[in-house]
Undergrad: 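I am attaching a structure below and will ask some questions about it afterwards.
Quick note: residue numbers are just sequence positions, from 1. Reckoned from all heavy atoms, side chains included, excluding hydrogens, waters and symmetry mates.
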Amino acid sequence: MGTIEEHADLAPDSDEASEMSDGELQEAFAKGLLKPGMNVLVEKTKKFTNNAEGLRQSLAELRRDLPWVERLDLTNLPAEDPLAKVEGQEKKESNKEINADDDFEREMFFYRQAQATVLQALPLLHKHGISTKRPDDYFAEMAKSDQQMQKIRKKLIEKQTIIERSEKAKQLREQRKFGKKVQIEVMQKRQKEKKAMLSSVKKYQKGMTDKLEFLEGDKKAGKDSQGPKKEMNKKGPNSKRKFKDQKFGFGGKKSGTKWNTKDSFNDVSGFRAKVANAKGPRGGKKGKGFKQNKRPGKSVRRKMKNKS
């Protein structure tokens with residue numbers, strides 16, 4: 001084959017121009033030697049060759065009489081369908097009776113055919129001394145190295161950590177939202193109580209009421225929580241008395257001689273009806289014929305004193 005310059009002047013239909021390689025054509029195109037009309041696509045008729053001898057040779061190679069261990073081929077029908085056997089359906093022995101459009105029926109046919117192949121192949125493998133189970137000390141090299149597996153494990157741990165942090169942040173946001181809501185409710189409740197107390201104080205100052213229940217607001221609020229302490233607090237002094245005792249002092253304990261007790265109240269041994277009803281000499285009322293004792297005068301008292 002000549003150079004590109006030699007082929008550039010060739011006619012488009014010449015055999016030499018058609019025999020140029022792709023590299024030569026690309027080189028000629030880069031140099032601008034190719035012109036329109038120089039290369040014409042010519043359609044060649046396809047020649048069909050009936051090489052019977054070659055086909056027979058290939059068939060003979062495929063039909064080598066090798067032992068089954070070298071071929072490991074099996075052709076069998078699918079295993080019996082237990083469900084169809086229980087329901088009394090007829091056995092389908094060929095794939096011609098299978099509906100190809102039914103996905104479930106088609107896949108079940110493949111499954112039962114593979115099952116029948118396994119049942120037939122296992123005895124043959126055992127017969128030829130081929131093991132079908134892995135030994136206990138079987139060692140297989142991993143498809144991925146330990147370094148790659150460590151990277152994957154690290155990536156999974158990081159992903160799990162990110163998920164846990166996200167869940168924790170979500171829970172904290174929910175708790176803050178709930179805490180803020182509770183705080184707002186508490187503030188509103190306190191403002192409401194403060195407003196009610198101020199209103200009660202104004203009413204008391206204006207003389208519209210004589211009750212001081214607003215001073216016992218804390219006690220009323222804690223009635224339910226105190227339980228048994230309610231009766232104990234009821235016996236003691238009220239908040240007004242405590243406030244005055246704290247401000248002015250308690251004043252000391254009195255003698256208590258004029259105070260009645262339970263025993264003195266129930267004791268009626270010294271009771272005198274005449275004295276109580278003022279009918280006797282000690283009564284305040286004067287009866288008929290009663291003469292009042294008069295006190296002596298001052299001069300008389302002096303004489304009596306001098307005599308003594």
Side-chain angles (χ1 to χ4, degrees), residues 18 21-23 25-26 40-171 173-174:
S18 62
S21 63
D22 294 339
L25 290 172
Q26 292 176 1
V40 180
L41 182 62
V42 179
E43 295 182 0
K44 293 183 179 180
T45 57
K46 189 176 181 180
K47 295 181 181 181
F48 296 95
T49 303
N50 186 13
N51 190 359
E53 187 64 26
L55 293 174
R56 292 191 185 94
Q57 185 179 358
S58 299
L59 183 60
E61 291 177 358
L62 293 174
R63 288 182 176 179
R64 289 179 181 178
D65 191 10
L66 297 175
W68 180 82
V69 179
E70 298 293 336
R71 293 181 287 108
L72 296 178
D73 57 339
L74 287 173
T75 304
N76 52 359
L77 296 173
E80 295 183 1
D81 188 1
L83 183 60
K85 190 175 181 181
V86 171
E87 295 178 355
Q89 297 179 1
E90 295 182 359
K91 181 181 177 182
K92 297 181 180 180
E93 297 184 356
S94 64
N95 54 2
K96 295 180 181 179
E97 301 178 8
I98 299 297
N99 184 10
D101 297 331
D102 191 347
D103 296 339
F104 179 76
E105 187 176 359
R106 185 179 65 251
E107 295 299 327
M108 283 300 299
F109 182 84
F110 293 154
Y111 171 77
R112 290 188 288 108
Q113 190 175 18
Q115 185 180 8
T117 304
V118 171
L119 294 175
Q120 187 178 356
L122 282 176
L124 292 174
L125 292 172
H126 293 162
K127 182 178 179 180
H128 291 83
I130 300 174
S131 59
T132 57
K133 293 183 178 180
R134 289 182 179 181
D136 297 335
D137 58 347
Y138 180 79
F139 177 78
E141 185 177 357
M142 300 294 293
K144 295 184 178 180
S145 62
D146 293 341
Q147 296 178 354
Q148 183 69 15
M149 295 303 296
Q150 289 292 339
K151 290 181 180 179
I152 295 173
R153 188 178 294 106
K154 186 177 179 181
K155 195 73 176 177
L156 292 174
I157 292 173
E158 290 178 355
K159 189 175 181 181
Q160 183 68 21
T161 305
I162 292 171
I163 293 173
E164 290 178 356
R165 288 179 180 175
S166 177
E167 291 293 333
K168 190 175 181 180
K170 187 177 180 181
Q171 291 178 1
R173 285 195 298 270
E174 293 293 335

Undergrad: Under the side chain to side chain contact (heavy atoms under 4.5 Å, CB included) criterion, do L125 and L72 qualify, and how do the steps go?
TA: CA-CA 9 Å; L125 292 172; L72 296 178; 4.1 Å; yes

Undergrad: CD1 of I157 to NZ of K159: how many Å apart, nearest 0.5 Å?
TA: 13.5 Å

Undergrad: Please, which pairs that meet ring pair (Phe, Tyr, Trp, His ring centres under 6.0 Å) have at least one residue in residues 113-135, sequence neighbours excluded?
TA: W68-H128

Undergrad: Heavy-atom count check: over 12 atoms from other residues, nucleotides or ligands less than 6.0 Å from R71 CZ?
TA: yes

Undergrad: Assess, by modelled atom type and distance only, whether the side chains of N76 and Q120 contain a donor and an acceptor separated by less than 3.5 Å.
TA: yes

Undergrad: For P78 versus A116, what's the shortest heavy-atom pair and its separation?
TA: C-CB, 4.0 Å

Undergrad: Can a side-chain donor-acceptor contact be found between Q115 and R112 if the only test is distance below 3.5 angstrom?
TA: no

Undergrad: Can a donor-acceptor pair be found, under 3.5 Å and without considering hydrogens, that links the side chain of R106 to the backbone of A100?
TA: yes

Undergrad: If I take atom CE from residue M149 and atom CG from residue L156, how far apart are they, to the nearest 0.5 angstrom?
TA: 8.5 Å

Undergrad: Please check if the number of heavy atoms outside E107 that lie under 6.0 Å from its CD is greater than 12.
TA: yes

Undergrad: What's the separation between atom CG in L122 and atom CD1 in I130, rounded to the nearest 0.5 Å?
TA: 11.0 Å

Undergrad: Quick one: side-chain hydrogen bond (donor to acceptor under 3.5 Å, both in side chains) pairs with a partner in residues 48-59, sequence neighbours left out?
TA: none

Undergrad: Given Q160 and E164, is the side chain to side chain contact (heavy atoms under 4.5 Å, CB included) satisfied, shown in steps?
TA: CA-CA 6 Å; Q160 183 68 21; E164 290 178 356; 3.6 Å; yes

Undergrad: How long is the span from the CG atom in D73 to the OG1 atom in T75, to the nearest 0.5 Å?
TA: 6.0 Å

Undergrad: What's the spacing between R165 CZ and I162 CD1 if we round to 0.5 Å?
TA: 7.5 Å

Undergrad: Which distance, rounded to the nearest 0.5 Å, do you find between the OG of S145 and the NZ of K151?
TA: 7.5 Å

Undergrad: Does any non-hydrogen side-chain atom of L124 lie less than 4.5 Å from one of L74?
TA: yes

